[in-house]
Chemist: 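Dropping the structure in here first, questions after.
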Amino acid sequence: LNAAAIVLGPINSGNLSVTTDSLQVTAPVSTGLMALYPKTFSAIRLGSVAANTLSLLQSDLDNLTVGEAQFFAPTLTADNGANTVTLANFDTVQLGSQVSIDSPLALTQPGSTLFLNATRIDINDTITAGAGGVFLGRNASNVAYLVGVGSKTYPANTVELSNAELNRILTTGPVIIGDPYNAYSM
């Protein structure tokens, strides 16, 4: 898509890949897989607008019904001030690269699953997910990443999670730390 895209009419698609710097979703979009990438910006923001960032407001997110959402940028932030960023119509959400949860983040479908496939994860507010659970770590990389629990010193090639961050995760499913696709690396 161009630098700016507005969805004015309904879209029903098996798979949808979107590369843009501005996306406004004013009509229902239903898709099995949605991959979202910024065109020139290096960040995606869910819940509010920031300069030089592919930003999706809560109203945009409410118009999306997605089997699997993949939002990837060098930096991804969920920030809606004191309000919750709600992903009500998402089964599986993958957030990648450097992820910062700065407002409550909620996946409200009963079986929803959240993957934070990131080289750095900062959980500064509550994450709520369904029975599918929450996966924290790094996968699909040619670089071996370690996962450190309990401290936040950010050594190279290590995803670190503090005890306080882990306590902010609320789910009826498992919390898995490491690579969910390769059990040997956990």
Side-chain angles (χ1 to χ4, degrees), residues 1-109 112-129 134-143 145 154 159:
L1 297 175
N2 292 326
I6 300 175
V7 177
L8 297 173
I11 296 175
N12 190 351
S13 170
N15 294 323
L16 185 62
S17 181
V18 180
T19 302
T20 186
D21 283 335
S22 175
L23 179 61
Q24 185 179 359
V25 185
T26 63
V29 174
S30 180
T31 183
L33 171 67
M34 179 180 183
L36 181 64
Y37 304 92
K39 186 171 183 176
T40 58
F41 297 147
S42 62
I44 295 175
R45 188 177 191 92
L46 304 178
S48 60
V49 175
N52 300 319
T53 300
L54 172 51
S55 301
L56 291 175
L57 297 175
Q58 186 62 56
S59 58
D60 299 318
L61 297 169
D62 289 343
N63 277 318
L64 297 174
T65 300
V66 180
E68 181 176 342
Q70 299 175 347
F71 298 155
F72 291 106
T75 303
L76 189 135
T77 303
D79 189 346
N80 197 13
N83 298 313
T84 300
V85 176
T86 303
L87 303 175
N89 303 313
F90 293 73
D91 290 328
T92 302
V93 176
Q94 292 194 45
L95 306 178
S97 296
Q98 292 188 10
V99 176
S100 182
I101 308 300
D102 296 329
S103 289
L105 176 65
L107 281 71
T108 58
Q109 291 213 27
S112 62
T113 305
L114 176 64
F115 290 85
L116 298 182
N117 297 330
T119 56
R120 179 174 171 159
I121 301 171
D122 293 314
I123 303 172
N124 300 312
D125 216 317
T126 305
I127 294 174
T128 305
V134 177
F135 296 83
L136 306 162
R138 182 72 178 145
N139 69 343
S141 173
N142 293 331
V143 177
Y145 273 84
Y154 303 111
V159 177

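Atoms considered below: every heavy atom in the structure, side chains included; atoms not considered: hydrogens, waters and symmetry mates.
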Chemist: Using a 3.5 Å distance criterion without hydrogens, assess whether the side chain of Asn80 forms a donor-acceptor pair with backbone atoms of Val85.
Modeler: no
Chemist: Asn124 and Ser100: which non-hydrogen atoms are nearest, and at how many Å?
Modeler: ND2-OG, 3.6 Å
Chemist: Keeping Ser97 on the side-chain end and Ala73 on the backbone end, is there a donor-acceptor pair under 3.5 Å?
Modeler: yes
Chemist: For Gln94 and Phe135, run side chain to side chain contact (heavy atoms under 4.5 Å, CB included): C-alpha distance rounded to whole Å, both residues' side-chain angles, the deciding distance at 0.1 Å, then the answer.
Modeler: CA-CA 9 Å; Gln94 292 194 45; Phe135 296 83; over 6 Å; no
Chemist: So, Ser103 versus Asp79: side-chain donor-acceptor pair below 3.5 Å or not?
Modeler: yes
Chemist: Counting C-beta onward and ignoring hydrogens, is there a side-chain heavy-atom pair between Leu116 and Ile127 closer than 4.5 Å?
Modeler: yes
Chemist: Testing Ile44, Leu105, Thr77 one by one against Leu95 for a side-chain contact (heavy atoms from CB on, under 4.5 Å), which residue passes?
Modeler: Leu105
Chemist: Between Asp91 and Glu68, is there a side-chain heavy-atom distance shorter than 4.5 Å?
Modeler: no
Chemist: Test Thr31 against every option in Val66, Ile11, Thr65, Leu64 by the side-chain contact (heavy atoms from CB on, under 4.5 Å) rule and name the one that passes.
Modeler: Val66
Chemist: Looking at OG of Ser30 and CG of Leu16, how far apart are the two atoms once the value is rounded to the nearest 0.5 Å?
Modeler: 10.5 Å
Chemist: Looking only at heavy atoms, what is the nearest atom pair of Ser42 and Pro74, with distance?
Modeler: O-CD, 3.3 Å
Chemist: Do you know which two heavy atoms are closest between Ala118 and Val159, and how far apart they sit?
Modeler: O-CG2, 3.1 Å
Chemist: Hey, is the main chain of Leu33 close enough, under 3.5 Å, to the side chain of Gln70 for a donor-acceptor pair?
Modeler: no
Chemist: Atom CD1 in Ile123, atom CG in Asp102: separation rounded to 0.5 Å?
Modeler: 11.0 Å
Chemist: Counting C-beta onward and ignoring hydrogens, is there a side-chain heavy-atom pair between Leu61 and Leu87 closer than 4.5 Å?
Modeler: yes
Chemist: So, taking the atom named CD1 in Ile121 and the one named CG in Leu76, what distance separates them when rounded to the nearest 0.5 Å?
Modeler: 11.5 Å
Chemist: Just verifying a value: how many Å separate Met34 CE and Ser17 OG, rounded to the nearest 0.5 Å?
Modeler: 9.0 Å
Chemist: Would you call the rings of Phe71 and Phe90 parallel, tilted or perpendicular, where under 30° means parallel and over 60° means perpendicular?
Modeler: perpendicular
Chemist: Out of curiosity, Leu114 CG to Ile101 CD1, how far, rounded to the nearest 0.5 Å?
Modeler: 7.0 Å
Chemist: Give the minimum heavy-atom separation between Ser55 and Ser48, together with the two atoms involved.
Modeler: CB-O, 3.4 Å
Chemist: Mind listing the closest non-hydrogen atom pair of Gln109 and Ala88 along with its distance?
Modeler: CG-O, 3.3 Å
Chemist: From Gln24 CD over to Asp60 CG, what is the distance, rounded to the nearest 0.5 angstrom?
Modeler: 6.0 Å
Chemist: Given side chain to side chain contact (heavy atoms under 4.5 Å, CB included), test Thr128 with Thr84 step by step and report yes or no.
Modeler: CA-CA 10 Å; Thr128 305; Thr84 300; over 6 Å; no
Chemist: Can you find a pair of side-chain heavy atoms, one from Thr20 and one from Leu54, that are under 4.5 Å apart?
Modeler: yes
Chemist: Are side-chain heavy atoms of Leu23 and Val7 found at a separation under 4.5 Å?
Modeler: yes
Chemist: Between Ala27 and Pro10, which heavy-atom pair has the shortest distance, and what is it?
Modeler: CB-N, 3.7 Å
